[in-house]
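See below for the structure under consideration.
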Amino acid sequence: MMQNKHILIGITGGIAAYKICSLIRDFKKSGAEVKIICTPNALNFVTKLTLQNLSQNEVYEGEFTPQNWKPEHISLSDWADIMLIAPATANTIGKIAQGIADNLLTSVACAFSKKMIIAPAMNCNMWQNESVQKNLKTLQARGIEYLPPEEGFLACGYNGKGRLCSLKKIYNAVDEALNYSETLKGEKVVITAGGTIEEIDPVRYISNYSSGKMGLALAKSAYDMGAEVVFITTKDFEVPFKKVIVKSALEMKEAVEKEFETADYVIMAAAVADYRVKEQSEQKIKKGDEDTITLELVKNPDILADLCQKKLAPHPYPLPKGARERNCIIVGFCAESENLLENAKAKIEKKGCDFLIANDISRKDIGFNSDENEVTILDKNGNITKLEKAPKKIIARKILEWISTK
Ligand code: C5P
């Protein structure tokens, strides 16, 4: 739903600028109001007249022609619900990452505190340049979403990664971002992600194939929905919210429990190892003459089940500083390779959590390491809801909407 939404599009000087003309039409057709800022170089590729006609608005370029008492870069950033920069050149990406504001577009970007999406497009060698990649990470860490370019034939004659991603992807990303409801505003959401690492000795460990992508998608969606997010993860991602990197199940437990008293939601998306090595060797274990060796494993605490027990226990009195009086909603995940529903039903009962998100890891097209997922949500009252296969980002949002409104 884009009706009456204010979309501010920044166009920079890349050949893909011409493609944005169709996108403006799509946004307009959906009922959005569109305003455009061009860098001086962008106007070498598209004309002001074309953009003006398509957007039915004036096209902004210079900083020093204010229409009203407010400086242009402030009134435009106040006006917009979202800012999209497409195509985003290496140059503009670099300037925004460094806080340089030397034209109207970069000045608006510098003043902009709402949702920003950028769609880079450039030559494939430029794309791989270390500084460009570093700048993108900086932007991501600030909460700016970027839509990676695609592989293909490039206008410069090269074949490689660098062409602007499809207009459909850009349209969908903007649409989705505009429709985030701030349902989690004021709520503290603790999310775990990744497979735990249980060390055997200084160079070896036991772990699993969890990529951490589902937890990351949940954390990003919760953040977009206005939550204060604490992301406890075994994988390092660039994120704009509090991140605690842990390795083992014991470290994860400590980190989760530290946040639990003040949390409104705890979502355990991490794949926590059920067992750890009983005695970690301080030195690298040497190969001996034996054909077999035995590692003794001991059970890890069940973080999720322990939290659910804690929730049942009466609140400590007096309440610790910042602790919430009401009960935290606890969500578990369950990855099964057979009898999904049966196992999930038994698990929600055993663990005592409010919701359990079950996914079938026997399928190669979803779950572990994949960008897509298909899950079933169980609740403690026995209700079961299936979410059809979709990108993890969409699944994440639906899960959060579900658990925050039920
Ligand atoms: O028992 P199972 O490992 O299948 O349960 C999965 C759920 O329990 C996940 O939410 C996972 O994060 C959590 N878990 C945990 N502590 C463990 C094992 C799993 O919190 N030791």
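Numbering of ligands and ligand atoms starts at 1, following listing order. As the structure is a prediction and not an experimental result, all values here were calculated from the model.
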Original post:
L178 and I7: side-chain contact (heavy atoms from CB on, under 4.5 Å), yes or no, with the steps?
Top reply: CA-CA 9 Å; L178 282 171; I7 305 174; 4.2 Å; yes
Subject >> Partners passing ring pair (Phe, Tyr, Trp, His ring centres under 6.0 Å) against F333 (at least two apart in sequence or in another chain) >> reply: none
Original post:
side-chain hydrogen bond (donor to acceptor under 3.5 Å, both in side chains): which pairs involve residues 243-252, sequence neighbours left out?
Top reply: E199-K247, D236-K243
Subject >> Those residues that, when tested against Y205, pass side-chain hydrogen bond (donor to acceptor under 3.5 Å, both in side chains) (two or more places apart) >> reply: none
**OP:** Could you grab the distance from atom CD of Q98 to atom CG of N135, nearest 0.5 Å is fine?
**Re:** 5.0 Å
Subject >> K253 and E257 ion-paired at < 4.0 Å >> reply: yes
Pairwise, report which nitrogen or oxygen atoms of ligand 1 are under 3.5 angstrom from protein nitrogen or oxygen atoms, and how far apart they are.
residue  : atom   : partner : partner atom : Å
ligand 1 : 1 (O)  : K351    : NZ           : 2.9
ligand 1 : 4 (O)  : K347    : NZ           : 2.4
ligand 1 : 5 (O)  : K351    : NZ           : 3.0
ligand 1 : 8 (O)  : K351    : NZ           : 3.1
ligand 1 : 10 (O) : M268    : O            : 2.7
ligand 1 : 10 (O) : F333    : N            : 2.7
ligand 1 : 10 (O) : F333    : O            : 3.3
ligand 1 : 12 (O) : M268    : O            : 3.3
ligand 1 : 12 (O) : A270    : O            : 2.7
ligand 1 : 16 (N) : I303    : N            : 3.0
ligand 1 : 20 (O) : I303    : N            : 3.3
ligand 1 : 20 (O) : L304    : N            : 2.8
ligand 1 : 21 (N) : P301    : O            : 2.8

